[in-house]
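Model, not experiment: these values are computed from the prediction.
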Amino acid sequence: MAHTFEIKSAQLPLVALLLKTADITRLIEDLNTQFGPDSQSPDFFDHDALVLDFSQLESDKLSQALPYLLTTLQSCRLKPIAFRNATQAVATEAKACGLVEVPVDTPRGKSVERKNTDRPLIRPVRDVVRETIREVPGPATLVIDKPLRSGQKIYARGADLVVLAMVNMGAEVVADGNIHVYAPLRGKAMAGASGNTQARIFSLCLEPELISIAGVYRTSENPLSKDIQGKPAQVRLSNDGQDKLLFEALNS
């Protein structure tokens, strides 16, 4: 008998949304402000598959509003497909909305081939879900050696980004890893775009419109200190759980 199919386990690249509030109005407003159709980064995501993580919420309040949240995520070019760590009420509503419940850690299944028997054995196989991983083929570092003009955007998906020329106002540089700008950084820079809180931003002349690491951002409306503005500096997140951006001078 011919082998017409094969069932294998799959490792899927998913973005995880860790929900920190059951205030659906505020949550939707923040999502639209940062990634919605009328935001400054409406094409930040490219219909990425998403898992909703409710581990920091114990309330069932979000269950009735879940369809509105899913609609908002879709308008932000995200595709919610799974959830985890939900209360019973939230889990019931999520399943009714077509989401699949996944555990935090799922053992990988074994490849199963159709055998030449009267009743082929097909074993159920579950997918492995890993948080905030976007795996793409290609180099671990994307290098840009030309100036970026207003309106231009570079995204180093699954990689670090190195820019050897000026990032002008109105331009955007985005990376899932670190961002290095060996020139003036005057546009927007967003490192750790898929949730990497260890990512950093480096520039020989830091004067950005917006700076962001793993979604924590600061705009030029809040000026940098004189020892940082226009100077060689790095930006990182604090490691005290406060989600605070730290700006540090790079001394030669």
Ignoring hydrogens, what is the shortest heavy-atom contact between [X] and [Y]? Give both atom names and the distance.
X	Y	value
M169	R186	CG-O, 3.4 Å
T141	A159	N-CB, 4.1 Å
K146	A165	C-CB, 3.5 Å
N32	S75	OD1-OG, 3.9 Å
D160	A175	C-CB, 4.5 Å
A233	L206	CB-CD2, 3.9 Å

Result of checking R157, R77, K79 against D48 for side chain to side chain donor-acceptor pair (under 3.5 Å):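 In the set R157, R77, K79, the residue that makes a side chain to side chain donor-acceptor pair (under 3.5 Å) with D48 is R157.
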
Spell out, yes or no, whether [X] and [Y] are grouped together once hydrophobic residues are joined by side-chain heavy atoms under 4.5 Å, including indirect joins.
X	Y	result
V102	I81	yes
V90	L57	yes
I28	L52	yes
V174	V143	no
V167	Y182	no

Between S225 and D227, is a side chain to side chain donor-acceptor pair (under 3.5 Å) present by the stated rule, with each step listed? CA-CA 6 Å; S225 61; D227 61 328; 2.4 Å; yes

[atom1]-[atom2] distance between [X] and [Y], expressed to the nearest 0.5 angstrom:
X	Y	atom1	atom2	value
L62	E93	CG	CD	9.5 Å
C76	L50	SG	CG	10.0 Å
Q152	I144	CD	CD1	9.5 Å
K188	E172	NZ	CD	5.0 Å
L17	L78	CG	CG	8.0 Å
T25	E29	OG1	CD	8.5 Å

Can you find a heavy atom in the side chain of [X] that is under 4.5 Å from one in the side chain of [Y]?
X	Y	value
L69	L19	yes
L148	N168	no
S63	T92	no
V181	L164	no
T33	S39	no
I213	I201	yes
K231	L224	no
I154	L161	yes

Heavy-atom donor-acceptor pair, [X] side chain to [Y] backbone, under 3.5 Å:
X	Y	value
D53	L18	no
R26	D30	no
N196	G177	no

Which residues pass the side chain to side chain contact (heavy atoms under 4.5 Å, CB included) test with S238, not counting sequence neighbours? D240, Q242, K244, L246

Evaluate side-chain contact (heavy atoms from CB on, under 4.5 Å) for L185 paired with I211, printing each intermediate quantity in order. CA-CA 10 Å; L185 170 55; I211 208 89; 4.1 Å; yes

From CA spacing to verdict: side-chain contact (heavy atoms from CB on, under 4.5 Å), V162, D145: CA-CA 8 Å; V162 174; D145 56 6; over 6 Å; no

Flag this pair as yes if the NZ/CZ of R236 is under 6.0 angstrom from the six-membered ring centre of F247 and inside a 45 degree cone about the axis; otherwise no. no

May I have the step-by-step check of side-chain contact (heavy atoms from CB on, under 4.5 Å) for Y68 and L66, ending in yes or no? CA-CA 5 Å; Y68 300 102; L66 191 57; over 6 Å; no

State whether the number of non-hydrogen atoms from other residues, nucleotides or ligands found under 6.0 Å of E101 atom CD is greater than 12.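 Yes, CD of E101 has more than 12 neighbouring heavy atoms, counting only those of other groups under 6.0 Å.
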
Flag if over 12 foreign heavy atoms under 6.0 Å of CD, Q56: yes

Can you check side-chain contact (heavy atoms from CB on, under 4.5 Å) on L237 and V216, steps first, answer last? CA-CA 8 Å; L237 280 179; V216 180; 3.9 Å; yes

Would you call the rings of F83 and F54 parallel, tilted or perpendicular, where under 30° means parallel and over 60° means perpendicular?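 Perpendicular, since the angle between the ring planes exceeds 60°.
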
